[in-house]
Novice: 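Before we start, here is the structure in question, set down as structure tokens.
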Amino acid sequence: MSFPGRSDEELWRVAADVEAYPRFVPWCREARILRRLGERRLKVDNVYGAGPLRMRFRTIAELDPPAALVIRSSDGPFHDFRLAWHFRPLPDGGCRAEAEFEARLRSPLLQTLMRLSWGEAERRIIAAFRRRVVELYGNE
């Protein structure tokens, strides 16, 4: 997704503010930095859910400002989880944000539900990210 008039640094800051995720990321109920693992890694406790369903898991966020943020986990419901954000300045100004998501859940039922609903979830997450950028930095 393109963000005219936005810098890679601005977009990276939105993605890297993991403790703000409960305010704008769909289904995120809690996100708390447990500790810093050096200058470029964070250990984060997360709770995601909808209705009565809640999943708690820990992630490692790898910070590469302002180009990328990679979040990984093999905790809780996940065999493997990876969310990678990449931010690239555009030649005519602005920035392009790309997100890559991969997950393998321990539960076959949850894996099937995720696969069936991922398109809608992806749409909601991207829309929430865009709204958060506008909320913090104004219209594009």
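Values reported hereafter were calculated over all heavy atoms of this structure, with side chains retained and with hydrogens, waters and symmetry mates removed. Bear in mind that the values here come from a model prediction, so they are computed numbers and not experimental data.
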Novice: Run the salt-bridge test on Arg40 and Glu62 with the 4.0 Å N-O cut-off and return the result as yes or no.
Specialist: no
Novice: Can you tell me how far OH of Tyr137 sits from CZ of Arg6, rounded to the nearest 0.5 angstrom?
Specialist: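 Atom-to-atom, Arg6:CZ and Tyr137:OH are 8.5 Å apart.
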Novice: Ala15 and Phe87: which non-hydrogen atoms are nearest, and at how many Å?
Specialist: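 Of all heavy-atom pairs spanning Ala15 and Phe87, the closest is CB-CZ, 3.7 Å.
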Novice: In terms of the angle between their ring planes, are Phe24 and Tyr21 parallel, tilted or perpendicular, with boundaries placed at 30° and 60°?
Specialist: perpendicular
Novice: Are Met1 and Ile126 side-chain neighbours, meaning at least one heavy-atom pair lies under 4.5 Å?
Specialist: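 Side chain of Met1 against side chain of Ile126, heavy atoms only: contact under 4.5 Å found.
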Novice: Does Asp64 reach the main-chain N or O of Leu69 with its side chain, forming a donor-acceptor pair under 3.5 Å?
Specialist: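 Not a single qualifying donor-acceptor pair exists.
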Novice: Which residues end up grouped with Val70 if you chain together Ile, Leu, Val, Met, Phe, Trp and Tyr wherever their side-chain heavy atoms are less than 4.5 Å apart?
Specialist: none
Novice: Determine, using the 4.5 Å side-chain heavy-atom cutoff (strictly less than), whether Trp27 and Leu116 are members of one ILVMFWY cluster.
Specialist: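 Different hydrophobic clusters.
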Novice: Could you check if a side-chain atom of Phe57 sits within less than 4.5 angstrom of a side-chain atom of Ser73, using non-hydrogen atoms only?
Specialist: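 They are in contact (side-chain heavy atoms under 4.5 Å apart), so the answer is yes.
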Novice: Sub-3.5 Å donor-acceptor pair from the side chain of Glu100 to the main-chain atoms of Ala84, do we have one?
Specialist: no
Novice: Between Glu19 and Arg32, does any NZ, NE, NH1 or NH2 come within less than 4.0 Å of an OD or OE carboxylate oxygen?
Specialist: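 Salt bridge absent between Arg32 and Glu19.
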Novice: Identify the heavy atoms of Ala31 and Pro22 that sit nearest to each other, and give their distance.
Specialist: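 Closest heavy-atom pair between Ala31 and Pro22: N-CG, 3.7 Å.
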Novice: Would you give the length of the straight line joining atom CG of Leu42 to atom CZ of Arg35, rounded to the nearest 0.5 angstrom?
Specialist: 11.5 Å
Novice: Please report the interatomic distance CE(Met55) to CZ(Arg29), rounded to the nearest 0.5 Å.
Specialist: 11.0 Å
Novice: Using side chain to side chain contact (heavy atoms under 4.5 Å, CB included), reason through Arg23 and Arg132 one step at a time and then give a plain yes or no.
Specialist: CA-CA 9 Å; Arg23 287 185 233 139; Arg132 182 68 172 172; 3.4 Å; yes
Novice: So Phe101 and Ile125, do their side chains get closer than 4.5 Å, heavy atoms only?
Specialist: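 SC-SC contact between Ile125 and Phe101 ruled out.
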Novice: Quick one: are Glu10 and Val133 in side-chain contact, heavy atoms under 4.5 Å?
Specialist: no
Novice: Any ion pair linking Arg58 and Asp45 (charged N to carboxylate O, less than 4.0 Å)?
Specialist: yes
Novice: For the side chain of Trp85 and the backbone of Ala97, is there at least one donor-acceptor N/O pair under 3.5 Å apart?
Specialist: no
Novice: Do Asp80 and Ser74 pass the side-chain hydrogen bond (donor to acceptor under 3.5 Å, both in side chains) test, and can you show the C-alpha distance, the side-chain angles, and the key distance before you say yes or no?
Specialist: CA-CA 5 Å; Asp80 299 296; Ser74 59; over 6 Å; no
Novice: Under a 4.0 Å N-O cut-off, is there an ion pair linking Arg96 with Glu98?
Specialist: yes
Novice: Go through Leu105 and Phe81 one step at a time and tell me if the side chain to side chain contact (heavy atoms under 4.5 Å, CB included) criterion holds.
Specialist: CA-CA 8 Å; Leu105 293 156; Phe81 171 91; over 6 Å; no
Novice: Indicate yes or no: at least one non-hydrogen side-chain atom of Leu11 is less than 4.5 angstrom from one of Phe129.
Specialist: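 Leu11 vs Phe129: side chains touch.
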Novice: Is Ile33 reachable from Val47 through a run of I, L, V, M, F, W or Y residues, each pair having side-chain heavy atoms under 4.5 Å apart?
Specialist: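 No, separate clusters.
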Novice: Looking at Arg82, is its backbone amide N or carbonyl O close enough to the side chain of Arg72 to form a donor-acceptor pair, meaning the two atoms are under 3.5 Å apart?
Specialist: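 Answer holds: no.
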Novice: Hey, mind stepping through Arg88 and Asp8 against salt bridge (charged side-chain N to carboxylate O under 4.0 Å, His left out) and telling me if it holds?
Specialist: CA-CA 6 Å; Arg88 294 181 177 82; Asp8 51 351; over 6 Å; no
Novice: Are Arg13 and Asp17 packed together at the side-chain level, in the sense that at least one heavy-atom pair is separated by less than 4.5 angstrom?
Specialist: no
Novice: Hey, is Glu135 close enough to Arg131 for a salt bridge, meaning N to O under 4.0 Å?
Specialist: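 Here Glu135 does not pair with Arg131 in a salt bridge, since their nearest N and O are not under 4.0 Å apart.
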Novice: List, by chain and then residue number, the residues other than Leu37 in its hydrophobic cluster (Ile/Leu/Val/Met/Phe/Trp/Tyr, side-chain heavy atoms under 4.5 Å); write none if there are no others.
Specialist: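 Under the 4.5 Å side-chain rule, Leu37 groups with Ile60.
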Novice: Please report the interatomic distance CZ(Arg124) to OG(Ser117), rounded to the nearest 0.5 Å.
Specialist: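 The distance works out to 9.5 Å.
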Novice: Tell me whether Arg106 contacts the main-chain N or O of Phe78 through its side chain, where contact means a donor paired with an acceptor under 3.5 Å.
Specialist: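 Pair found, side chain donor or acceptor close to backbone of Phe78.
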Novice: Could you tell me if Arg130 sits above the aromatic ring of Phe3, with its cationic atom closer than 6.0 Å to the ring centre and no more than 45 degrees from the axis?
Specialist: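 Output yes; distance and angle both within limits.
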Novice: How long is the straight-line distance from OG of Ser107 back to CE of Met114, given to the nearest 0.5 Å?
Specialist: 10.5 Å
Novice: Applying side chain to side chain contact (heavy atoms under 4.5 Å, CB included) to Leu53 and Tyr48, what does each step give before you reach the verdict?
Specialist: CA-CA 8 Å; Leu53 179 64; Tyr48 278 74; over 6 Å; no
Novice: Which value, rounded to the nearest 0.5 Å, describes the distance between Leu90 atom CG and Ser7 atom OG?
Specialist: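 It is 11.5 Å, given to the nearest 0.5 Å.
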